[in-house]
Amino acid sequence: MTPSISARRYDLDWLRIGAFALLVPYHVGMYYTTWDWHIKSPAMSHALEPFMLLTAPWRLSLLFFIAGVAFAYAMRTRGGGLAWSRSKRLLIPLLFGMFVVVVPQVYLELKEKMPGFDMPAWAFYQRYLQGGDIYCVRPHDCIDAPTWNHLWFVAYLWLYTLLACGLAKCIPTSAKAHWVSLSEKYLGGLATLLVPMCLLVLARVWLYPLFDSTHDLDDDWYNHAQYGVAFVTGLAIAFNERAWHTIYAARRWMTVLWAICYLTFLACFLVFDSDTGSVPALALATQRALWGVMTWAAICAITGYAMRWRHTDSRWRAWLTEAVFPLYILHQTVIILLAWNVRSLHLPWLIEYVALIALTFCICFAAFGLIRRVPWLRPFFGLRFRLAGGVAPSIARHHPRANHPAPIDRQA
């Protein structure tokens, strides 16, 4: 039987937790791949790259898709004031991250990439606060200050939320009343599978060669296209039962399609050397089209299977749901600091890789344990301000049937 979607979406809660958890092994992996990153391991190689490509096309798009669904639920349950509420929840952590959390990443990146850089940390921080280009590898390839590094996701989510709030105010009340029926008519059935997929393919084939991926917000049109499609699709089908039933019914076929596209993409990746520009035009266009297909096929497959856990709650869910945003804010700085300091141990890279993942999770969860208990720290990590002694999600106290707050209420 197809799961009902009328109550709280526990399945999307779990998906959000899982997608954020994937950030840690992925970003630890970036330390070892040949792809550009803030610091690189002396043992970097191609070994992890095929596994990284398994999640790279869809991991962030899935988060934006879930954020779109969450926004639709928030609009229905809260209505006015959502733009201001989301701005506080997103911009305070973003600014705190840019001026505090991200700074060690930039400092260690400069120590690695800039020959002779020996500025003391405090002197560097004063220079960082002045802003501007503080190091250029080549013209138009500079490290700017202040920067948001991995926190670009927060800036993009805030922008999309703000635009959605503005659009919601512009739509006539009569049109809002028919929103679900319009969604079911134009984005239900087969269209649920094909329309977002075609848009993602078009973005990858047409926009990616022109704009690449920068995470700079103002000139990042390819990423705005792919993440905007995911966010708007989530917003559009949030209450569209026909679309969700289609996703659930097609989950096996979408898994097969995802696997075929991944293996074909991987074959092209392994056969042709993109670093030397020796990829034939047809193979390059095929790779880009496959990337777009993989993105939506994976989201539909994962979301479809997750719907089996539509009513599956756990005493861990509320705690983990609150933990994911602080973990996201902290994880990359923790990874870079750990990686920088364990180099001297000269561990085998695979053992080091596993150890970095485990240590990052341990440190981030320990930090969350502190953050959630300190009222003035909570807003800096995207948590609602709560006076000491206030009720907070507790693993020990939580009961699956105790309280059902508004569905997937927390945004990234």
Side-chain angles (χ1 to χ4, degrees), residues 23 27 30-31 35-41 60 84 86-162 211-224 227 325-341 343 360 363-364 367 370-371 374 376-383 385 412:
L23 288 171
H27 283 148
M30 287 296 294
Y31 177 57
W35 305 334
D36 183 46
W37 203 53
H38 307 287
I39 64 172
K40 302 301 296 184
S41 169
L60 289 165
W84 173 242
R86 287 292 185 261
S87 293
K88 289 189 296 182
R89 293 284 299 279
L90 296 173
L91 292 183
I92 292 174
L94 178 61
L95 293 173
F96 176 73
M98 291 173 65
F99 287 98
V100 178
V101 177
V102 166
V103 178
Q105 299 181 30
V106 183
Y107 182 66
L108 294 181
E109 183 173 2
L110 289 176
K111 286 178 74 72
E112 175 159 306
K113 293 182 178 179
M114 188 173 182
F117 179 84
D118 59 355
M119 186 180 293
W122 180 246
F124 165 75
Y125 188 61
Q126 291 178 307
R127 172 66 186 88
Y128 181 88
L129 293 178
Q130 295 174 15
D133 296 337
I134 54 179
Y135 173 59
C136 292
V137 180
R138 60 186 68 88
H140 309 297
D141 184 10
C142 301
I143 296 176
D144 301 322
T147 185
W148 49 47
N149 280 9
H150 68 291
L151 300 180
W152 65 268
F153 175 84
V154 182
Y156 282 46
L157 185 57
W158 172 75
L159 174 64
Y160 300 161
T161 300
L162 217 62
F211 298 103
D212 206 342
S213 176
T214 66
H215 299 149
D216 285 341
L217 192 65
D218 58 339
D219 63 347
D220 199 17
W221 294 109
Y222 162 67
N223 277 330
H224 284 312
Y227 299 137
F325 201 11
L327 182 143
Y328 163 70
I329 292 170
L330 292 170
H331 82 280
Q332 186 162 289
T333 296
V334 172
I335 290 169
I336 290 174
L337 286 170
L338 286 172
W340 184 268
N341 285 283
R343 285 176 172 179
T360 299
I363 292 171
C364 288
L370 171 66
I371 291 163
V374 181
W376 63 268
L377 270 180
R378 292 176 60 89
F380 292 108
F381 291 90
L383 306 180
F385 179 79

Self-check item: Between NE2 on residue His38 and CG on residue Asn149, distance to nearest 0.5 Å
Solution: 4.0 Å

Practice problem: Quick one: do Tyr128 and Thr147 satisfy side chain to side chain contact (heavy atoms under 4.5 Å, CB included)? Show the steps, please. | Solution: CA-CA 9 Å; Tyr128 181 88; Thr147 185; 3.9 Å; yes

Quiz item: Can you tell me if Tyr125 uses its side chain to pair, donor with acceptor, with the backbone of Pro120 under 3.5 Å?
Solution: no

Quiz prompt | Interatomic distance, Arg127 atom CZ to Met119 atom CE [nearest 0.5 angstrom] | solution = 7.5 Å

Practice problem: Begin from the C-alpha positions of Trp158 and Leu94 and carry the test side chain to side chain contact (heavy atoms under 4.5 Å, CB included) through to its verdict. | Solution: CA-CA 10 Å; Trp158 172 75; Leu94 178 61; over 6 Å; no

Practice problem: Apply the ring-ring contact (aromatic ring centres under 6.0 Å, His included) test between His215 and each candidate in Tyr227, Phe153, Trp152; give the one that qualifies. | Solution: Trp152

Self-check item: Contact summary for Cys364 and Val334, nearest pair of heavy atoms
Solution: SG-CG2, 4.1 Å

Self-check item: Interatomic distance, Gln332 atom CD to Tyr31 atom OH [nearest 0.5 angstrom]
Solution: 13.5 Å

Quiz item: Do the non-hydrogen side-chain atoms of Arg89 and Phe325 ever get within less than 4.5 Å of each other?
Solution: no

Quiz item: Does Lys40 reach the main-chain N or O of Met30 with its side chain, forming a donor-acceptor pair under 3.5 Å?
Solution: yes

Quiz item: Will you find, in the side chains of Tyr160 and His224, an N or O donor that is under 3.5 Å from an N or O acceptor?
Solution: yes

Quiz item: Is any side-chain heavy atom of Ile336 closer than 4.5 Å to a side-chain heavy atom of Pro104?
Solution: no

Quiz item: Below 4.5 Å, heavy atoms only, C-beta onward: do His150 and Val102 meet side chain to side chain?
Solution: yes

Exercise. Report yes or no: does Asn223 contribute a side-chain atom to a donor-acceptor pair with the main-chain N or O of Ser213 at less than 3.5 Å?
Key: no

Quiz item: Considering all heavy atoms of both residues, which atom of Leu162 and which atom of Ser87 are nearest to each other, and what is their separation?
Solution: CD1-OG, 3.9 Å

Quiz item: Can Phe380 and Ile371 be said to form a side chain to side chain contact (heavy atoms under 4.5 Å, CB included), step by step?
Solution: CA-CA 9 Å; Phe380 292 108; Ile371 291 163; over 6 Å; no

Self-check item: Partners passing ring pair (Phe, Tyr, Trp, His ring centres under 6.0 Å) against Phe117 (at least two apart in sequence or in another chain)
Solution: Tyr107

Quiz prompt | Atom pair CD1/OG1 of Ile335 and Thr360 - distance to nearest 0.5 Å | solution = 4.5 Å

Quiz item: Does a donor on one side chain and an acceptor on the other come within less than 3.5 Å for His27 and His331?
Solution: yes

Practice problem: Of all the heavy-atom pairs spanning Val154 and Tyr328, show the shortest one and how long it is. | Solution: CG2-CE2, 3.5 Å

Quiz item: What is the distance from atom CG of Asp216 to atom CH2 of Trp221, rounded to the nearest 0.5 Å?
Solution: 12.5 Å

Quiz item: Where do Thr214 and Asp220 come nearest, in terms of heavy atoms and distance?
Solution: N-OD1, 3.0 Å

Self-check item: Non-hydrogen atoms of Leu129 and Phe99 that approach each other most closely
Solution: CD2-CD2, 3.6 Å

Practice problem: Would you mind reporting whether Phe211 and Asp219 have side-chain heavy atoms less than 4.5 Å apart? | Solution: no

Quiz item: Could you give the distance from CG (Leu90) to CG (Leu151), rounded to the nearest 0.5 Å?
Solution: 11.5 Å

Practice problem: Might you work through the side chain to side chain contact (heavy atoms under 4.5 Å, CB included) test for Lys88 and Phe385, ending with a clear yes or no? | Solution: CA-CA 11 Å; Lys88 289 189 296 182; Phe385 179 79; over 6 Å; no

Practice problem: Work out which heavy atom in Gly382 is nearest to a heavy atom in Pro93; give both atom names and the distance. | Solution: N-CG, 3.3 Å

